[in-house]
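Side chains included, hydrogens not; waters and symmetry mates left out as well; all remaining heavy atoms used. This is a predicted model, so every value here is computed, not measured.
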Amino acid sequence: MKHSKTGLFLMELIVGILFFALAGALCVQLFVKANTMNEESVCKDQGMRIAANIVEVYKNDKTNDLVNEGIVYFDDFGQAVDKKDATYEADIKKNGDAITVQVVHDEEVIYTLDYYNYQQRKWQIER
């Protein structure tokens, strides 16, 4: 009796295809996760830049309209825009010489920056 090797070859082929399909599925999941992490990182980086720019404007010119208490809207490039064109919102709160900036994206706070303006004391040496 002669046995056919076709059945064994078919099983090896199916196992090989299954292995490569699982490996491909894992690679796709890794690429999707990496893309998601990249988007979150870009979003947080832009939020940090917006908050830092607002604080710098506040440090240089406390009367500037950009640093009035309230919400200021920004686009993807960090430019101040109207609410309808906004991607980011910066909620600015002042307390004396301190300012707090919270940057919001998709209704989630992505970055908060507190700035305190300390006055330097002049020390007098008694003689």
Side-chain angles (χ1 to χ4, degrees):
M1 245 171 91
K2 201 172 180 183
H3 291 286
S4 173
K5 295 183 181 182
T6 308
L8 184 59
F9 175 72
L10 220 49
M11 281 300 269
E12 285 182 29
L13 187 63
I14 290 172
V15 168
I17 290 172
L18 181 66
F19 173 75
F20 284 112
L22 287 173
L26 288 174
C27 287
V28 168
Q29 283 182 340
L30 288 175
F31 281 120
V32 168
K33 182 69 175 172
N35 186 38
T36 303
M37 289 174 64
N38 180 48
E39 288 174 1
E40 290 175 1
S41 176
V42 167
C43 181
K44 287 182 180 182
D45 182 57
Q46 187 62 25
M48 184 265 318
R49 290 173 195 249
I50 289 170
N53 286 342
I54 290 172
V55 168
E56 289 298 323
V57 169
Y58 175 76
K59 284 172 26 178
N60 290 320
D61 183 12
K62 292 179 176 55
T63 61
N64 192 310
D65 288 339
L66 181 63
V67 293
N68 287 337
E69 198 163 0
I71 297 177
V72 181
Y73 300 98
F74 294 91
D75 63 6
D76 287 330
F77 305 105
Q79 302 295 321
V81 294
D82 294 332
K83 183 177 181 176
K84 63 181 171 89
D85 300 326
T87 305
Y88 299 92
E89 298 177 6
D91 186 12
I92 303 169
K93 294 181 176 127
K94 293 181 186 177
N95 186 11
D97 281 341
I99 184 172
T100 300
V101 180
Q102 277 190 338
V103 180
V104 178
H105 177 69
D106 290 338
E107 299 179 5
E108 179 184 345
V109 176
I110 57 171
Y111 193 77
T112 302
L113 181 62
D114 297 318
Y115 171 74
Y116 303 98
N117 187 14
Y118 292 108
Q119 296 294 325
Q120 188 176 21
R121 287 182 152 178
K122 293 183 180 180
W123 297 91
Q124 294 182 358
I125 301 175
E126 294 183 20
R127 294 183 187 211

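- Checking side-chain atoms of Ser41 against main-chain N and O of Met37 turns up no donor-acceptor pair under 3.5 Å.
- Minimum heavy-atom separation, Thr112 to Gln102: OG1-CG, 3.5 Å.
- Between the CD atom in Glu89 and the CG atom in Asp106 there is a gap of 10.0 Å [rounded to 0.5 Å].
- In this structure, Val72 and Ile92 have side chains that are in contact, with non-hydrogen atoms separated by less than 4.5 Å.
- Pairs passing the ring pair (Phe, Tyr, Trp, His ring centres under 6.0 Å) check and including a residue from residues 4-46, sequence neighbours excluded, do not occur.
- The structure places CG of Asp45 at 4.5 Å from CE of Met48, a figure rounded to the nearest 0.5 Å.
- A donor-acceptor pair under 3.5 Å is formed between the side chain of Asn60 and the backbone N or O of Glu56.
- Hydrophobic clustering keeps Leu113 apart from Ile71 (ILVMFWY residues linked when any side-chain heavy atoms are closer than 4.5 Å, directly or through intermediates).
- In this structure the side chain of Glu39 never reaches within 4.5 angstrom of the side chain of Val42, judged on heavy atoms.
- One distance of note links OG1 of Thr87 with CD of Gln79; it measures 12.0 Å at 0.5 Å rounding.
- The heavy-atom pair separating Asp75 from Val81 by the smallest distance is N-CG2, 3.8 Å.
- Nearest heavy atom pair, residue Tyr116 against residue Ala98, reads CD2-CB, 3.4 Å.
- Minimum heavy-atom separation, Ile50 to Ala90: CG2-CB, 4.3 Å.
- In terms of heavy atoms, Ala51 sits closest to Val103 at CB-CG2, 3.9 Å.
- Of the possible donor and acceptor atoms, none in the side chain of Asn38 sits under 3.5 Å from a partner among the backbone N and O of Ala34.
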Worked check of side chain to side chain contact (heavy atoms under 4.5 Å, CB included) between Thr100 and Asn95: CA-CA 8 Å; Thr100 300; Asn95 186 11; over 6 Å; no
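- Annotation for Lys94: atom NZ counts as buried by contact number, over 12 foreign heavy atoms lying within 6.0 Å.
- Residue pairs satisfying the ring pair (Phe, Tyr, Trp, His ring centres under 6.0 Å) criterion with at least one member in residues 66-104, sequence neighbours excluded, are listed as follows: Tyr88-His105.
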